Every structure is written in C-alpha cells, then in structure tokens.
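Keep in mind that what you see is a predicted model, and the values were worked out from it rather than measured.
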Amino acid sequence: TGDGLGFDPNDSSSTIFTNEQKLKRVTECKLLLDKMVPMAAYIHGNDKNNALEAVKALDRLLSVCEVFRTPEERYEVGDFLINVFRRVQEAGVILRVVKFLAVNDMPMLQYHSLRVLSWYMPGPRIAHTPPDSILHPDKMIHKQEIVRNNGVHLMKQLLNSNVHEVREQAAYALGKLASHHREARDLVLDS
C-alpha cells in the first residue's frame with residue numbers, strides 16, 4: 001500500500017465521484033464505444049503491442065462501473081451500461097482476452113487482461129434487474145464465458161507470476177469470479 005498503513009493513493013474504491021465526473025466518464029466511454037471495431041481488430045490481430053493498447057482501452061471502458069458504486073446508481077445509467085457490456089460481448093474479444101493471460105512475455109498485457117476480466121465478470125449489476133433476465137447476476141453469463149474458455153486455470157497459473165502486480169490482479173480476478181455464487185466459488189476451488 002502507498003503509505004505502509006493500508007492506504008493506497010491509487011485505490012479509487014473509496015472515491016466518491018461527483019455528477020460532473022460521472023458525466024465525464026460516460027462521455028469518455030461513449031467515445032471508446034465508437035472505437036470498438038478497431039479495438040476488437042487490434043485485440044484479434046497479431047501485434048501484441050497494439051493488442052495491449054486496445055486491452056488498456058477496454059479496461060478503461062469497462063471500469064466505468066467503478067464510477068457508479070451501487071446497483072441503484074447503475075440503475076440510473078442502466079441502458080448505457082447494458083450497451084457497454086453488449087458491445088463488448090458482440091465484439092467477441094473476451095475469449096482473446098482470456099488467451100492473453102498465457103502471454104508470459106508481456107506481463108502488462110496479462111495485468112490489463114486480468115483487469116478487463118475483473119470488470120466484465122460481474123456484468124453491469126443494475127438494481128431491479130428482473131430475476132428472469134439474462135443479465136441478472138444469478139445467471140452468471142459473463143462468468144460462465146470466462147470459465148468455458150479456461151479462464152480459471154489461466155488465472156490460477158498467474159498466481160505464480162514473477163510480477164507482483166500480475167499475481168495481485170490474478171488473486172483479485174479469482175475473488176471476483178468466486179464471489180456471490182456458490183457454483184462459481186466451487187469452480188475456483190476445485191480447478
């Protein structure tokens with residue numbers, strides 16, 4: 001942590017965002033959404049440096065959820081958040097992002113891929129989502145996509161990375177995967 005006392009100045013988990021800051025992030029994310037096609041092309045391409053930049057942009061896009069802390073706050077921008085997750089899913093980049101976890105010669109690509117998966121796994125988490133909706137957290141559609149594509153195994157391997165930040169993010173991602181669902185928790189523990 002930043003000061004040795006448990007406070008990390010880079011941790012925004014306790015930050016309260018103003019309405020102006022929230023609007024600014026939504027505007028930024030709309031611009032990123034407009035770049036989804038080239039981002040997806042870089043992610044699916046062969047140039048790992050371009051892929052890294054695209055994964056960083058995807059990380060920034062999905063991290064918009066941090067600005068809207070509670071399911072009630074996310075409800076206010078629910079259509080926007082649903083569109084973000086829908087566009088990411090339609091771009092077909094998550095399988096490739098999972099595969100980037102195995103690119104051992106680029107720890108920054110692994111780190112940002114883990115961050116993308118950490119944001120993506122829980123889905124938009126919007127208050128008042130009907131229980132029969134595919135987006136209801138109990139459906140675990142985003143988590144299942146990562147599990148189906150060997151994500152748990154690759155994340156667990158990264159717990160042994162030589163890079164501290166990668167190990168830390170892998171642990172965080174596995175925690176996100178295991179949280180709130182017994183089935184997901186068992187997948188993490190059993191694999």
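Around atom CZ of F80, more than 12 heavy atoms belonging to other residues, nucleotides or ligands sit under 6.0 Å away. Heavy-atom contacts from other residues, nucleotides or ligands closer than 6.0 Å to CG of N162 number 12 or fewer. No more than 12 heavy atoms of other residues, nucleotides or ligands lie within 6.0 Å of CD in E20, so this atom counts as exposed by the packing criterion. Atom CG of D47 sits in a crowded spot, with more than 12 heavy atoms from other residues, nucleotides or ligands closer than 6.0 Å. The environment of CG in N46 is sparse: at most 12 heavy-atom neighbours from other residues, nucleotides or ligands sit within 6.0 Å.
Looking at R74, its side chain does come within 3.5 Å of a backbone N or O of R69 through a donor-acceptor pair. With hydrogens and angles disregarded, no donor-acceptor distance shorter than 3.5 Å links the side chain of R87 to the backbone of M36. No donor-acceptor pair closer than 3.5 Å links the side chain of N149 to the backbone N or O of G151.
Closest approach of N150 to V98, counting heavy atoms only: C-CG1, 4.3 Å. Contact between M39 and L58 at its shortest, heavy atoms only, is SD-N, 3.9 Å. Summarising the geometry of N49 relative to M106, their closest heavy-atom pair is OD1-CE, 3.7 Å, with the distance given to 0.1 Å. For the residue pair A57 and L32, the shortest heavy atom distance occurs at O-CD1, 3.8 Å.
Checking L114, L101, V55, V97 one by one against L109, the side chain to side chain contact (heavy atoms under 4.5 Å, CB included) holds for a single residue, V55.
In this structure, L159 and L174 have side chains that are in contact, with non-hydrogen atoms separated by less than 4.5 Å. Residues F85 and C65 have side chains in contact (heavy-atom distance under 4.5 Å, counting atoms from C-beta outward). Between V163 and Q110 the shortest side-chain heavy-atom distance does not fall below 4.5 Å. Side chains of K30 and V26 form a contact here, defined as non-hydrogen atoms less than 4.5 Å apart. Using a 4.5 Å cut-off on side-chain heavy atoms (C-beta onward), L95 and E145 make no contact. Between L31 and L33, every side-chain heavy-atom pair lies at or beyond the 4.5 Å cut-off. M155 has its side chain within reach of I146: a pair of non-hydrogen atoms, C-beta onward, lies under 4.5 Å apart. At a threshold of 4.5 Å between non-hydrogen side-chain atoms, the residues E73 and K22 count as touching.
Note on V103: it clusters hydrophobically with V116, by side-chain heavy-atom contacts below 4.5 Å among ILVMFWY residues. At a threshold of 4.5 Å between side-chain heavy atoms, the hydrophobic network of Ile, Leu, Val, Met, Phe, Trp and Tyr places Y42 and I94 in two separate groups. Hydrophobic clustering places V77 together with I82 (ILVMFWY residues linked when any side-chain heavy atoms are closer than 4.5 Å, directly or through intermediates).
Listed by chain and residue number, I43, H44, F100 satisfy the side-chain contact (heavy atoms from CB on, under 4.5 Å) test with R96 (two or more places apart in sequence, or in another chain).
Contacts classified as side-chain hydrogen bond (donor to acceptor under 3.5 Å, both in side chains) and involving residues 54-65 (residues at least two apart or in different chains) are given here: R25-S63, E28-R60, D59-H112, D59-R115, D59-W119.
The line from SG of C29 to NZ of K24 is 12.0 Å long, rounded to the nearest 0.5 Å. Rounding to the nearest 0.5 Å gives a distance of 9.5 Å between CZ of F68 and CZ of F17. Between D79 atom CG and R86 atom CZ the span is 10.5 Å, to the nearest 0.5 Å.
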